[in-house]
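Here's the structure we're looking at; comments come further down.
As a basis for the values below, the full set of heavy atoms in this structure was taken, side chains included, without hydrogen atoms, waters or symmetry mates.
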Amino acid sequence: MAKWTPKHEAPEPLEGPVVATVTGGTIIWLVLFLVQLPFYGWFDDHGHTWWLWTCLAGGGLGFIGIWYVRKRDAAIKRSAATEDAPAAAAE
């Protein structure tokens, strides 16, 4: 069997408002948790409490994601600033 090799280069990754996207997703998970919380008894009676804990876990992991993407965004900006600094000094 021959190893498959791509015939074209991979496209550049898409960049967008990553911090806002992750923050929005985290808020949605937490709102879903809070909306379902008053119905805990019904979920418990029907064996669906995992729905609540899934929303809470999504919110918790979202906080980790917010921390991560903010650090990543700051590192990208720092890197861009250090690349631009020698060019500005040469002028």
Side-chain angles (χ1 to χ4, degrees):
M1 275 188 130
K3 183 178 177 183
W4 179 80
T5 56
K7 297 188 185 330
H8 53 35
E9 292 187 29
E12 290 291 319
L14 297 174
E15 289 294 331
V18 180
V19 177
T21 302
V22 173
T23 302
T26 303
I27 290 170
I28 289 171
W29 279 115
L30 292 173
V31 166
L32 287 171
F33 173 74
L34 292 175
V35 166
Q36 293 178 16
L37 196 57
F39 304 103
Y40 182 84
W42 183 89
F43 286 116
D44 193 30
D45 292 342
H46 292 86
H48 296 302
T49 54
W50 64 271
W51 289 6
L52 282 101
W53 306 127
T54 300
C55 293
L56 186 61
L61 290 172
F63 284 124
I64 295 170
I66 291 169
W67 171 80
Y68 178 81
V69 296
R70 289 186 66 189
K71 292 286 187 181
R72 177 183 175 270
D73 195 38
I76 290 171
K77 288 178 182 175
R78 264 194 321 272
S79 176
T82 57
E83 289 176 2
D84 291 343
E91 293 176 0

* Contact check, side chains of Thr54 and Trp29, non-hydrogen atoms, under 4.5 Å -> yes

* Asked: Should Leu52 and Leu56 count as side-chain neighbours, where that means a heavy-atom distance under 4.5 Å?
  -> no

* To do: Indicate, with yes or no, if Val22 and Ile76 share a hydrophobic cluster defined by side-chain heavy-atom contacts under 4.5 Å among Ile, Leu, Val, Met, Phe, Trp and Tyr.
  => no

* Asked: For Ala75, does its backbone N or O pair with a side-chain atom of Ser79 as donor and acceptor, under 3.5 Å?
  -> no

* Side-chain contact test, heavy atoms from C-beta onward, threshold under 4.5 Å: evaluate it for Phe63 versus Leu30 and give yes or no. => yes

* Asked: Once you round to the nearest 0.5 Å, how far does CD1 of Ile64 lie from OG1 of Thr26?
  -> 10.0 Å

* To do: State plainly whether one hydrophobic cluster holds both Leu34 and Trp50, where clusters connect Ile, Leu, Val, Met, Phe, Trp and Tyr through side-chain heavy atoms under 4.5 angstrom apart.
  => yes

* Asked: Is any side-chain heavy atom of Phe33 closer than 4.5 Å to a side-chain heavy atom of Trp53?
  -> yes

* Look up atom CG in Asp73 and atom CZ in Arg78, then write down how far apart they are to the nearest 0.5 Å. => 10.5 Å

* Structure fact -> Here the pair of heavy atoms bringing Leu32 nearest to Cys55 is CB-SG, 3.7 Å

* Quick one: do Ile27 and Val35 end up in the same hydrophobic cluster if we chain Ile, Leu, Val, Met, Phe, Trp and Tyr together by side-chain heavy atoms under 4.5 Å apart? -> yes

* **Parallel, tilted or perpendicular: rings of Trp42 and Trp51 (30°, 60°)** => tilted

* Structure fact -> dist Thr49:OG1 -> Gln36:CD (nearest 0.5 Å) comes out at 10.5 Å

* Asked: Between Arg72 and Glu15, is the closest basic N to carboxylate O distance under 4.0 Å?
  -> yes

* From OH (Tyr40) to CG (Asp45), nearest 0.5 Å -> 10.0 Å

